[in-house]
Amino acid sequence: MYYLCRLKTISKKHDTMNLDTQLTPVVAEIINTLYGVQPVPETIQFQKTRKEFEGDITLVVFPFVKSAKKSPEQTAEMIGAKLLNDVDFIESYNVVKGFLNLKIKANYWLEQLKAIHSSENFGTTKPSKNADLMMIEYSSPNTNKPLHLGHIRNNLLGYSISEIQKANGWDIVKTNIVNDRGIHICKSMLAWQMFGNGETPESSGMKGDHLVGKYYVEFDKHYKAEIQELMLQGLSEEDAKKEAPLIKQAQEMLLKWEQGNKEIRTLWETMNGWVYAGFDETYKKLGVDFDKIYYESDTYTEGKSKVEEGLAKNIFYQREDGSVWADLTNDGLDEKLLLRADGTSVYMTQDIGTATIRYEEYPIKKMVYVVGNEQNYHFQVLSILLDKLGFEWGKDLVHFSYGMVELPEGKMKSREGTVVDADDLIAEMVETAHETSQELGKLDGLSDEEIENIARMVGLGALKYFILKVDPRKNMTFNPKESIDFNGNTGPFIQYTHARIKSVLRKAEEQGIDHSALRNTQLEISEKENYLIQLIAEFPNVVKQAGIEFSPALIANYIYDLVKEYNQFYHEFTILREENDDLRNLRLVISETIASVIKTGMGLLGIEVPERM
RNA sequence: GGUCCGGUAGCUCAGCUGGAUAGAGCAACUGCCUUCUAAGCAGUAGGUCAUGGGUUCGAAUCCCGUCCGGAUCACCA
C-alpha cells in the first residue's frame with residue numbers, strides 16, 4: 001500500500017509530444033559516436049526551452065561533458081551540429097552555457113496540429129473491452145449530518161480522479177460507502193424521538209439531511225447539559241460522560257438496532273431515507289455520481305466473520321475479556337482492536353468487510369480510497385491487515401490521501417458552528433455568478449432558462465476549479481468572503497475563454513468560412529502560434545501525468561497556462577479579418593483545437609464550459 | 001514523546017524525479033473597448049524559497065540538524 005504523497009513518477013512533466021522520445025535515441029547514438037560511451041537513458045534530459053531563449057526544446061549537456069572531455073559549450077556545439085545534420089525537422093540550434101537549444105521547423109508543428117485537429121478524443125485513451133478495473137471509493141458520508149466543505153473537496157477529487165483514470169484507459173467503478181449505522185446515527189434518532197414532535201422534511205420544509213443534522217446537534221446540546229448537571233453532583237467529567245442518561249439511551253438504542261428491533265429499524269430507515277434524499281440532491285447539484293453504493297449496515301457483519309477467521313488461523317489473538325486484537329508491533333505499529341469484548345465491530349472491522357465484498361463482486365485490479373490524510377494511519381493498518389488475511393491486493397491498495405480544507409480562522413468545527421455547508425456554498429456561488437453576468441450584461445437576450453444554466457455552470461466552475469487547482473495532498477485555506485473570484489486563475493476565466501472562442505467560431509460559420517481541414521502546413525507562423533501548438537501537443541502527457549500522480553491540479557494548471565497564452569494571442573492577432581486565407585484558417589484551427597482541449601480538460605475536472613457567457 | 005506531512009511575494013497558490021535571471025492570480029498603482037465577448041490584454045511594484053550545514057559543475061528542489069505549524073498514535077468513525 002502506498003500513500004500518493006510518496007509516489008514517485010518516471011515520466012517527465014514538460015516533455016513535448018513525441019519530440020523527446022523521438023530525439024532521445026538519436027542523442028544516445030550521437031553520444032556513442034562522438035565519445036564512445038553509451039549514455040544512461042536518464043542522463044538524456046530534455047526540457048522546454050525557456051521563453052527568453054530561442055528554440056523549442058533544450059538538451060541539457062552537463063551529464064556528457066565528462067566523457068566528452070570538453071567544455072560544456074564545446075560539447076553542446078558538437079552535439080548540436082550533429083543533430084542538425086541528422087534530424088530533418090530540426091531547423092537550427094544555439095548554445096547557452098551547457099544548454100543546447102533546438103529550434104524545430106514550423107512545418108513539424110503544423111503537421112502535429114493537423115493530426116490533432118482531425119483526431120477524435122485527443123488526449124484521452126478510451127478503455128478497451130478488457131481494460132483493467134479500478135474501483136474508486138469517495139464521498140463516504142455519515143448519515144447524521146449534511147455535507148460540508150470538506151466533503152466537497154473529497155467529492156470533487158474523487159469524481160475528477162475517476163474521470164482522469166478513465167481517460168487513461170482504466171475501467172472505473174465509482175463507489176461510495178455510506179456510514180449508515182452506529183452510535184452517532186442513534187444520537188440523532190434518539191433526539192428526534194424525544195424532541196422532534198414528529199417533524200418531517202415535508203412538515204418543516206427542511207432538506208432531509210439538514211433536518212437530521214439538526215437533531216444530531218440537539219442531542220449534543222442536551223447531552224452536554226446532562227454532563228454539566230452530573231458534574232455539579234460531584235462526578236468527574238469522564239464518569240459524567242459515561243453516566244449521562246442520554247448516552248445510555250443511545251447505546252441502548254444501538255443494541256436494539258443490532259438485535260433488529262422493529263420499531264427502531266423503522267425509525268432508522270425513515271430517517272436515513274430523509275438523509276439519502278438530501279444527499280442525492282447535493283450530489284446532483286455538485287455533478288458527482290456513483291456506480292455502486294455500499295452501506296455499512298450490509299457489510300459490517302462480513303468484517304466480523306473475516307476477523308473470526310483470522311482469529312481461528314492465529315493471525316489475531318483474543319484477550320481475557322473476549323476482545324480481538326491484531327499485533328502489528330513487528331510492522332512497527334501498535335496493537336489494533338478489531339472486535340470489542342461484546343462482539344461488536346469497529347471501523348476497521350467494517351472496512352475489512354466492505355473490501356471483502358467488493359472483491360467478490362468486481363474483478364478489481366486496483367482499489368483506491370479517497371480519504372483525508374487524517375486517516376493515513378488507518379489505511380496503513382488496513383493494508384497490513386488485509387495482507388495478513390491473505391488478500392493479495394491488500395498491500396497494493398491506494399490511499400488517495402488529501403489535505404484538509406481550513407478556514408482563515410482555522411479548522412472547521414461543527415461544534416463551534418464554523419462549518420461551511422455544502423448546499424449553502426453552492427447556492428451562494430451560483431447566485432454570485434448570476435449577479436456578475438447581469439452586471440456585465442453578457443446574457444441579455446437569452447432565455448431565463450439559459451441564463452440560469454450558465455450561472456450554474458459558472459458558479460460551480462468557480463468553486464470546483466478553486467478547490468481542484470490546489471495540489472490534493474496539501475491543506476488548503478478557503479476564505480468564504482475572498483476565495484471565490486471570477487477573474488485571474490479561476491474557473492470562470494477559463495470558461496470565458498472557451499465561450500469567446502466559440503463566439504468566433506460561430507461568426508466564422510456565419511461567414512461561410514470552411515476551416516475543417518488544415519490544408520497548408522508550409523506556412524510562416526509567428527512564435528505565439530508556434531508556442532500555442534506546442535502547448536496543445538503537451539495535453540496527452542499532462543493527462544497521463546495527472547493519472548500517475550492522481551492530481552487534477554496538473555490538469556487545472558495546464559489549462560490555465562494554455563488559456564492565458566491563448567488570450568494573449570487573441571488580443572495580439574486578428575482571426576476572421578486576416579486576409580491570408582491559409583493563415584486565417586490556421587488561426588481558426590488553433591482556436592477550435594484549444595476550445596476542445598479546454599472542454600476535455602475541464603471535463604476531467606468535472607467542470608462544464610458554456611458556449612457563451 | 002514516536003511516526004507522518006507541510007513552511008515559496010501582504011494573501012491564495014504554481015514550480016520540487018537537481019538545471020539557465022524563482023512564476024501566476026488576488027490586493028495596490030498606470031494604460032488599452034468605433035475592430036472577432038474588457039469575466040480580457042499590457043505595464044509598475046512586491047522574494048534571505050522558515051533556518052543552519054552538507055552533496056554537486058549546478059539546490060526552492062536531494063541529505064542531516066534546528067525552529068514553527070498541522071495530522072496521527074481511541075473499545076470514535
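Here is the naming used below: chain letters follow the sequence lines, and residue numbers restart at 1 for every chain.
In this structure, B:C32 is classed as anti because its glycosidic torsion departs from zero by more than 90°.
Residue A:K97 places at least one side-chain N or O closer than 4.0 Å to OP1 or OP2 of B:U21. Residue A:K507 has a polar side-chain atom (N or O) positioned under 4.0 Å from OP1 or OP2 of B:U37. The shortest distance between the side-chain N/O atoms of A:R584 and the OP1/OP2 oxygens of B:C36 is not below 4.0 Å. Taking only side-chain nitrogens and oxygens, A:Q47 never comes nearer than 4.0 Å to OP1 or OP2 of B:G19. For the pair A:K502 and B:C36, the criterion of a side-chain N or O lying under 4.0 Å from OP1 or OP2 is not met.
Nearest heavy-atom pair across A:E54 and A:N94 is O-ND2, 2.9 Å.
Across all strands shown, B:U21 remains unpaired; no Watson-Crick or G-U wobble contact has both distances below 3.5 Å. The base-pairing partner of B:U34, taking Watson-Crick or G-U wobble contacts with both distances under 3.5 Å, does not exist among the strands shown. Across all strands shown, nothing is found opposite B:U61 as a Watson-Crick or G-U wobble partner with both distances under 3.5 Å. B:A28: Watson-Crick or G-U partner is B:U44, with both key distances under 3.5 Å. Base pairing annotation: B:G69 forms a Watson-Crick or G-U wobble pair with B:C5, both donor-acceptor distances under 3.5 Å.
Across all strands shown, A:N144 has no heavy atoms under 4.0 Å from either base or sugar-phosphate atoms. Within the nucleic acid shown, A:F62 comes within 4.0 Å of at least one base atom, counting heavy atoms only. Among the protein residues, A:S437 comes within range of the nucleic acid bases, having at least one heavy atom under 4.0 Å from a base atom. Using a 4.0 Å heavy-atom criterion, one finds that A:K474 contacts the bases of the nucleic acid, with or without backbone contacts as well. Nucleic acid contact for A:T477: sugar-phosphate only, since backbone atoms but no base atoms lie under 4.0 Å from a heavy atom of the residue. A:V60 comes within 4.0 angstrom of a nucleotide base, judged by non-hydrogen atoms across all strands.
Straight-line distance from the CD atom of A:Q380 to the P atom of B:G2: 17 Å, rounded to whole Å. Per the geometry, NE2 belonging to A:H399 stands 12 Å off C1' belonging to B:C4, to the nearest Å. One can place CG of A:N489 at 11 Å from P of B:G40, the figure rounded to the nearest angstrom. Distance A:F99 CZ to B:G58 P: 13 Å, rounded to the nearest Å. Rounded to an integer number of Å, the gap from A:F53 CZ to B:U21 C1' is 8 Å. Atoms OH (A:Y465) and P (B:A14) sit 11 Å apart, rounded to a whole Å. The distance between atom CG of A:L407 and atom P of B:U12, rounded to the nearest whole Å, is 13 Å. The CZ-C1' distance, from A:F486 to B:C26, rounds to 14 Å in whole Å.
Comparing A:D471 and A:A499 against RNA chain B, the residue whose closest nucleotide sits nearer the 5' end is A:D471. Mapping A:P472 and A:Y570 onto RNA chain B by nearest heavy atom places A:P472 closer to the 5' end of the strand.
Here the CD-OG1 distance, from A:E409 to A:T418, works out to 6.5 Å after rounding to the nearest 0.5 Å.
Side-chain N/O atoms of A:T58 and base N/O atoms of B:A20 include a donor-acceptor pair closer than 3.5 Å. With hydrogens and angles left out, the side chain of A:N487 and the base of B:A27 share no donor-acceptor pair within 3.5 Å.
Annotation: B:A24 and B:U56 have their C1' atoms spaced 30 Å apart (nearest Å). Going from the C1' atom of B:A27 to that of B:C13 covers 15 Å, rounded to whole Å. Nucleotides B:C62 and B:C5 are separated by 12 Å at their P atoms, to the nearest Å. Rounded to whole Å, the P atom of B:G31 lies 24 Å from the corresponding atom of B:C36. Distance noted for atom C1' between B:C49 and B:C68: 16 Å (whole Å). Comparing B:G58 with B:G18, their P atoms are spaced 15 Å from each other, to the whole Å. Look at the C1' atom in both B:U37 and B:U44: the space between them is 28 Å, to the nearest Å. Spacing of C1' atoms, B:G69 relative to B:U51, comes out at 15 Å, to the nearest Å.
Judged purely by atom type and a 3.5 angstrom limit, A:D351 has no side-chain atom pairing as donor or acceptor with the backbone of A:L382. Here the side chain of A:S188 pairs no donor or acceptor atom with the backbone of A:G213 at under 3.5 angstrom. Between the side chain of A:Y558 and the main chain of A:L535, a donor-acceptor pair closer than 3.5 Å is present.
Ion pairing between a basic and an acidic side chain is recognised when a charged N comes within 4.0 Å of a carboxylate O; A:K564 and A:D561 show no such pairing. Between A:R473 and A:D471 there is a salt bridge, with a side-chain nitrogen of the basic residue lying less than 4.0 Å from a carboxylate oxygen of the acidic one. Using a 4.0 Å cut-off between charged side-chain N and carboxylate O, A:E450 and A:R612 make no salt bridge. Ion pair A:K304/A:E308 not flagged as a salt bridge, since none of the NZ, NE, NH1 or NH2 atoms sits closer than 4.0 Å to an Asp/Glu carboxylate oxygen.
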Q: Summarise how protein sits on nucleotides 70-77 of chain B as a single string, 5' to 3': B when a protein heavy atom is under 4.0 Å from the base, S for sugar-phosphate-only contact, - for no contact.
A: SSSS-BSB

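Because its NZ or CZ atom is not both nearer than 6.0 Å to the ring centre of A:F573 and within 45° of the ring axis, A:R587 does not count as a cation-pi partner of that residue.
A side-chain hydrogen bond (donor to acceptor under 3.5 Å, both in side chains) with A:N272 is found for one member of A:T143, A:D180, A:N144 and no other, namely A:T143.
Nearest nucleotide to the A:R50 side chain, out of B:C26, B:A20, B:A39: B:A20. In the set B:C4, B:G40, B:A42, B:G40 carries the atom at the smallest distance from any side-chain atom of A:N567. Each of B:G25, B:A39, B:A20 was ranked by its minimum atom distance to the side chain of A:P492; first place goes to B:A39. You'll find that the side chain of A:R500 is closest to B:G40, out of B:G25, B:G40, B:A20.
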